[in-house]
Amino acid sequence: MYPFRDIEKKWQKRWEEIGLYRTPEKPEDKYYIMEMWPYTSGDIHIGHFRNYSFGDLRWRWEKMMGKDILHPFGWDAFGLPAEEAAIKKNLDPREWTYNNIKAARRTIKKLGFSYDWEREVITSDPDYYKWTQWLLIQLYKEGLLYRKEAYVNWCPGCKTVLANEQVEGGLCWRCDSKVEKRKLEQWFVRTTDYVEGLLNDIETLDEWPENIKEMQRNWIGKNEGATIRFTMENGEEFEVFTTRPDTIYGVTFICLSPESEIAEVIAKKNKEVKQYIHDALLMSNIERTIVDREKTGVNTHYNAIHPLTNEEMPVFVADFVLGSYGTGIVMGVPAHDQRDFEFAKKFKLPIRQVIKPEKETEENTAFTGHGIMINSGEFDGMRSEEFIKKITQVLESKGVGCKSINYRLKDWLIARQRYWGAPIPMIHCEKCGIVPVPEEDLPVLLPPTKEVDFIPKSRSPLADHSNFMNTKCPKCGGAALRDPDTADTFVDSAWYHLRYLDAKNKAKIFDRGEADKWLPVDLYIGGAEHATGHLIYMRFITKFLHKLGYLSVKEPVLRLFNQGMVRDENGVVMSKSKGNAVDTEELVAKIGVDAAKIAILFFGPPDSDIDWREENIKGSTRFLTKIYDLFYENARKGAISLDINDKQKTLFKVVEKTTKKVTNDIEKFSYNTAIAALMELLNKITDYVDKNDNLFQYTIRRFMSLLAPFAPHITEEIYSRFGNKESIFLEDWPIYDKEAIIEEQFTLIIQINGKLRARAVADKGIDKEKALEIALKQENVQKFIKGNHKKVIYVPDKLINIVV
RNA sequence: GCGAGAGUGGCGGAAUUGGCAGACGCGCUGGACUUAGGAUCCAGUACUACUAAAUAGUAUGGGGGUUCGAGUCCCCCCUCUCGCACCA
């Protein structure tokens with residue numbers, strides 16, 4: 001062990017004094033780096049530590065590479081846990097939040113990370129949520145924030161509605177309650193307005209991980225097909241969406257989703273239907289979507305009329321039809337859709353084949369492939385792929401259908417019936433309807449926590465606060481009510497990368513000049529769990545502000561890096577609630593920041609999940625202690641210059657090669673192998689006897705430069721022993737000597753029939769004959785070449801393979 | 001079911017274009033130092049065969065293929081992780 005505590009204190013103080021992490025006013029070669037910010041539940045565990053370590057390492061390296069860097073930090077401070085603390089422990093949510101921030105900030109500061117704290121933002125500060133509200137008003141003005149009555153996800157645990165992105169496998173993302181359906185009028189953001197941009201621009205995100213891009217594509221879920229209008233015998237009309245209009249002649253029934261309006265109307269007159277819908281909607285999505293669940297449904301005893309054949313067919317309500325996809329109504333084609341097939345079997349409905357497969361297919365399943373049209377009137381004999389286009393035109397010309405595109409992505413439900421969030425800045429006036437709060441009246445402040453009753457009543461606590469609710473209509477001046485709901489916290493985090501640009505601006509959300517200086521974010525580091533939520537919202541807001549002319553960029557983030565999760569010894573994801581999270585402060589108190597960082601970086605590649613094992617951290621302490629013991633005492637002051645003799649020594653070559661490897665490895669986020677290379681070099685240095693000669697001094701100085709991004713505190717301490725006054729991070733990253741790494745000799749690998757039989761040192765550039773000559777001299781080779789060799793393969797400067 | 005990724009010693013993991021499999025670290029074994037060692041230093045450590053060395057054989061989830069040569073490329077299968085999931 002080395003005196004890490006004193007060293008850390010000393011250098012953290014020094015860095016603050018010299019303003020090392022302050023963002024340059026006028027960046028020449030800018031680099032904007034962000035890590036996903038933490039939610040303020042108070043603990044900074046090892047997963048956060050890993051995340052921030054990647055960012056810190058990058059800052060230090062880019063800094064030494066000469067970049068002007070913006071590296072901010074902030075807090076995702078609104079959200080339910082604060083309110084839960086109020087309900088369960090009778091704590092003040094504001095105090096709870098700010099105390100947690102204080103504690104977490106203290107921890108992070110102890111870790112000596114390279115943040116510019118002058119740009120710190122907190123979403124629950126009125127200075128921040130004023131602009132969250134401003135953003136909502138801009139969305140409203142553009143028609144992208146609207147109210148709609150719809151079936152929405154309701155979490156009975158959190159007593160609030162949820163966005164689709166917050167429902168994971170039918171369960172609430174936060175509390176794991178089964179999510180229910182409720183028909184409510186809610187605020188939505190029209191993300192679907194930008195759906196094509198969100199989808200197409202994924203192609204421009206060259207430096208995003210492929211899996212994240214694929215997840216976003218799937219989430220958006222674009223499907224091309226046709227919308228077809230059917231008429232009921234009572235004259236009512238409805239539309240279905242299908243990707244297979246070619247199967248139109250195979251329709252033998254219609255299924256309505258329990259959520260559909262038509263079903264609701266029918267239910268008023270039909271008790272059986274009413275009961276079925278009631279039961280279906282009571283079921284959580286998770287129960288309703290169990291695979292292999294037997295199809296259920298109820299006959300409405302109404303008939304629909306086929307738009308082309310005028311045939312009548314029964315209309316059912318069935319819960320396998322989702323209200324949220326397409327029109328919420330499907331045409332049943334049992335011969336060519338497996339679900340429809342199962343439904344038809346159960347209700348003994350006719351199955352009419354309209355596509356003939358090219359090969360024989362399995363019995364008792366629907367044929368979903370393409371083939372030749374049959375039973376389709378004048379179109380028999382056409383290929384079904386072509387028929388899709390043809391029939392769409394036919395439907396269009398008859399005025400009963402059209403080509404259409406459907407998306408899985410839905411509008412973003414942003415209202416929450418909770419207190420601890422940004423109040424939605426809207427006023428409801430009986431005369432004027434919905435009126436946005438005038439921008440000069442922002443922020444709409446949350447009332448003091450003391451005046452609020454937090455006991456959940458399935459409506460916003462603000463609804464019961466008359467001082468908050470009662471206001472005047474900005475338009476007519478009459479009595480009006482505020483909107484009692486608050487915004488989803490993902491609204492706050494959808495634009496924080498923009499507030500960092502100009503965190504203290506009182507007049508504007510941010511200055512356009514600052515945005516042009518720094519955007520896009522060059523590197524954004526965080527977990528893959530935000531692939532379809534936060535990252536889509538962030539892209540959406542960026543596109544929205546681009547369209548309004550506030551931003552010149554269309555995409556917020558150039559390079560996205562997904563770090564892997566940290567799990568415990570048993571492979572279980574660490575979390576506060578499971579009580580298996582390793583506390584960063586404890587770890588750092590035990591082994592020091594630098595050793596903790598080296599340990600977590602050495603654990604494995606940054607993008608893979610790691611299982612935390614206590615014993616694996618020992619190596620890092622040994623590594624740094626060895627460095628400290630060996631370098632600290634032997635460090636010499638003054639300039640060092642190498643002569644030719646020094647440059648011919650093996651150690652010199654190793655130093656230059658290591659420089660190359662560490663540089664390349666950092667570039668490609670291969671931190672574990674970079675550390676391994678440094679460990680190898682240290683082993684070589686330990687073996688080097690002349691601890692006082694020029695080459696040794698040169699080597700340990702170079703070593704410190706290479707180590708600096710990984711272990712900044714110890715590096716600064718030893719760097720100062722060389723007589724330097726400033727920080728090592730103001731130095732340039734070393735450039736390796738290209739001449740030095742050229743080798744004159746190489747190890748010739750000698751194979752017989754592809755098997756390694758001998759090795760020999762040879763001069764580089766020798767030809768095949770020479771190599772063969774060397775190979776044949778080897779004793780072990782003679783043993784294996786009994787007769788003549790047939791063929792010789794020579795890979796220059798690498799290996800020779802003799803085929804016998 | 002669909003999509004993506006992965007499978008290498010006792011463990012975490014290395015391995016440019018196909019070219020020395022197992023870097024580096026942990027652990028373990030033996031030794032040194034020591035009042036002591038869960039500190040430090042030195043040596044060894046994929047498996048099998050031999051006491052050992054030298055050497056040989058076998059090894060990158062399983063099976064096949066391409067190639068002088070495959071952890072790496074192709075085909076089939078198994079297992080695990082992640083995402084989506086009755087999406088019409």
Side-chain angles (χ1 to χ4, degrees), chain A residues 1 168-170 209-219 221-223 225 240-244 247 255 257 285 288-293 295 318-322 324-333 336-340 342-343 368 406-408 528-529 531-532 562 564-565 571 598-599 602-605 607-623 625-626 629 664 668 670 672-683 686 747-759 780 783 789-795 798-804:
Chain A
M1 284 281 185
E168 294 170 350
E210 206 45 57
N211 63 326
I212 299 290
K213 292 197 276 186
E214 195 56 28
M215 279 160 78
Q216 292 208 347
R217 283 187 204 106
N218 292 341
W219 189 262
K222 182 176 179 174
N223 252 319
V240 301
F241 171 76
T242 178
T243 53
R244 293 297 299 272
T247 62
C255 276
S257 63
N285 263 26
R288 203 165 134 187
T289 59
I290 292 168
V291 189
D292 298 335
R293 188 173 145 246
K295 295 278 174 293
D319 65 9
F320 80 90
V321 182
L322 304 175
S324 58
Y325 190 79
T327 61
I329 303 172
V330 297
M331 58 181 211
V333 186
H336 303 291
D337 182 284
Q338 189 56 32
R339 295 155 298 181
D340 297 350
E342 285 163 22
F343 192 82
T368 55
N406 223 282
Y407 301 92
R408 216 189 70 109
E529 66 272 22
T532 52
N562 280 137
M565 285 179 298
I598 294 273
F602 190 63
F603 247 92
D607 54 0
S608 63
D609 295 343
I610 55 173
D611 295 345
W612 182 258
R613 263 178 247 281
E614 200 68 25
E615 70 255 25
N616 280 13
I617 65 173
K618 278 187 186 166
S620 68
T621 299
R622 285 182 192 159
F623 176 58
T625 307
K626 254 198 229 175
D629 292 346
N664 291 344
K668 61 178 191 194
S670 187
N672 53 330
T673 54
I675 292 169
L678 288 169
M679 286 173 168
E680 266 181 278
L681 178 56
L682 179 64
N683 292 341
T686 312
T747 305
L748 176 68
I749 304 304
I750 301 160
Q751 298 181 334
I752 313 291
N753 289 343
K755 288 203 168 165
L756 176 76
R757 295 302 176 192
R759 296 184 182 97
N780 208 35
K783 249 168 54 186
H789 48 268
K790 274 190 237 158
K791 197 172 165 188
V792 177
I793 289 111
Y794 179 57
V795 184
K798 229 170 219 168
L799 73 95
I800 184 164
N801 187 13
I802 304 166
V803 187
V804 182

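Lettering follows sequence order; numbering is per chain, from 1.
- Taking syn as a glycosidic angle within 90° of 0, B:G10 does not qualify and is anti.
- Every residue meeting the side chain to side chain donor-acceptor pair (under 3.5 Å) condition with A:D611, not counting sequence neighbours, appears here in chain and number order: A:R567.
- Nearer to the 5' terminus of RNA chain B, by closest-nucleotide assignment, is the contact made by A:I675 (compared with the other of A:I675 and A:I329).
- For B:U58, one of the phosphate oxygens OP1 or OP2 lies less than 4.0 angstrom from a side-chain nitrogen or oxygen of A:K755.
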Protein N or O to nucleotides 10-21 of chain B N or O, pairs below 3.5 Å:
| residue | atom | partner | partner atom | Å |
| --- | --- | --- | --- | --- |
| B:G12 | O2' | A:F603 | O | 2.6 |
| B:G13 | O3' | A:N672 | ND2 | 3.4 |
| B:A14 | OP1 | A:N672 | ND2 | 3.3 |
| B:U17 | O4 | A:K798 | NZ | 2.2 |
| B:G19 | N2 | A:Q751 | OE1 | 3.2 |
| B:C20 | O2 | A:R759 | NE | 2.7 |
| B:C20 | O2 | A:R759 | NH2 | 2.8 |

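- For A:K618, there are no salt bridge (charged side-chain N to carboxylate O under 4.0 Å, His left out) partners at least two apart in sequence or on another chain.
- Between the P atoms of B:G62 and B:U51, the separation comes to 30 Å (whole Å).
- Separating the P atom of B:A43 from that of B:C76 is a span of 50 Å, rounded to the nearest Å.
- Between A:M215 and A:A531, the shortest heavy-atom distance links the atoms CE-CB, 3.5 Å.
- Rounded to whole Å, the distance from CG on A:N753 to P on B:G57 is 11 Å.
- In this structure, the CD1 atom of A:I212 is 15 Å from the P atom of B:A4, given to the nearest Å.
- Following rounding to the nearest Å, A:E168 (CD) and B:G83 (P) show an atom-to-atom distance of 8 Å.
- Between B:A23 and B:C11, the distance separating the two P atoms is 15 Å to the nearest Å.
- A:V321 comes within 4.0 angstrom of a base, heavy atoms only.
- Between the CE atom of A:M215 and the P atom of B:C2 there is a distance of 19 Å, rounded to whole Å.
- Considering only residues two or more places apart in sequence or on other chains, A:K668 meets the salt bridge (charged side-chain N to carboxylate O under 4.0 Å, His left out) condition with A:D665.
- A:N780 meets the side chain to side chain donor-acceptor pair (under 3.5 Å) test with A:K783; sequence neighbours excluded.
- In this structure A:W219 satisfies the ring pair (Phe, Tyr, Trp, His ring centres under 6.0 Å) test with no other residue, sequence neighbours excluded.
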Practice problem: Using a 4.0 Å heavy-atom cut-off, write out nucleotides 28-47 of chain B from 5' to 3' as B (base contacted by protein), S (sugar-phosphate only) or - (no contact). | Solution: ------------SS------
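- Taking atom C1' in both B:G30 and B:C82, one finds a spacing of 45 Å when rounded to whole Å.
- The interatomic distance linking A:L678 (CG) with B:A23 (P) rounds to 18 Å, in whole Å.
- Across B:A70 and B:G31, the matching P atoms stand 43 Å from one another, rounded to whole Å.
- Going from atom CG of A:N218 over to atom P of B:C84 covers 9 Å, rounded to whole Å.
- Between A:T247 and A:H336, the shortest heavy-atom contact is CG2-CB, 4.0 Å.
- Helical stems in RNA chain B, defined as runs of 3 or more consecutive Watson-Crick or G-U wobble pairs with donor-acceptor distances under 3.5 Å: B:1-7 with B:78-84, B:10-12 with B:24-26, B:27-32 with B:40-45, B:46-49 with B:55-58, B:61-65 with B:73-77.
- Contact annotation: A:N223 side-chain N/O to B:A88 OP1/OP2 distance is under 4.0 Å.
- Scanning for ring pair (Phe, Tyr, Trp, His ring centres under 6.0 Å) contacts around A:F320 gives A:F343, with sequence neighbours left out.
- Here the separation of B:C74 from B:G25, taken at their P atoms, is 34 Å to the nearest Å.
- Note on A:N406: nothing from the nucleic acid sits closer than 4.0 angstrom, heavy atoms only.
- Nucleotides B:A32 and B:A53 are separated by 24 Å at their C1' atoms, to the nearest Å.
- In this structure, A:R217 does not reach the B:A4 phosphate: none of its side-chain N or O atoms is under 4.0 Å from OP1 or OP2.
- For the salt bridge (charged side-chain N to carboxylate O under 4.0 Å, His left out) test, residues two or more places apart in sequence or in another chain that qualify with A:R217 are A:E203, A:E210, A:E214.
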Quiz item: Would A:F603 and A:N616 count as a side-chain contact (heavy atoms from CB on, under 4.5 Å) if you check the C-alpha gap in whole Å, the side-chain angles of each, and the deciding distance to 0.1 Å?
Solution: CA-CA 8 Å; A:F603 247 92; A:N616 280 13; 3.8 Å; yes
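- For A:R757, whose side chain is taken as the heavy atoms from C-beta onward, the closest listed nucleotide among B:C24, B:G57, B:A88 is B:G57.
- In terms of the side chain to side chain donor-acceptor pair (under 3.5 Å) criterion, residue partners of A:R339 (sequence neighbours excluded) are, by chain and number, A:D337.
- Computed from coordinates, the A:F623 CZ to B:C26 P distance equals 11 Å when rounded to whole Å.
- Distances shorter than 4.0 Å separate none of the side-chain N or O atoms of A:R293 from OP1 or OP2 on B:A85.
- Nearest heavy-atom pair across A:L322 and A:S257 is C-CB, 3.9 Å.
- For B:U17 and B:U72, the C1' atoms lie 11 Å apart once the distance is rounded to whole Å.
- Distance CD1 (A:I617) to C1' (B:G27): 15 Å, rounded to an integer number of Å.
- Annotation: salt bridge (charged side-chain N to carboxylate O under 4.0 Å, His left out) contacts of A:E615 (sequence neighbours excluded): none.
- The pair A:D340-A:K295 does not count as a salt bridge, with every side-chain nitrogen at least 4.0 angstrom from each carboxylate oxygen.
- Relative to the side chain of A:N780, the nucleotides B:A4, B:A56, B:C84 differ in distance, and B:A56 lies closest.
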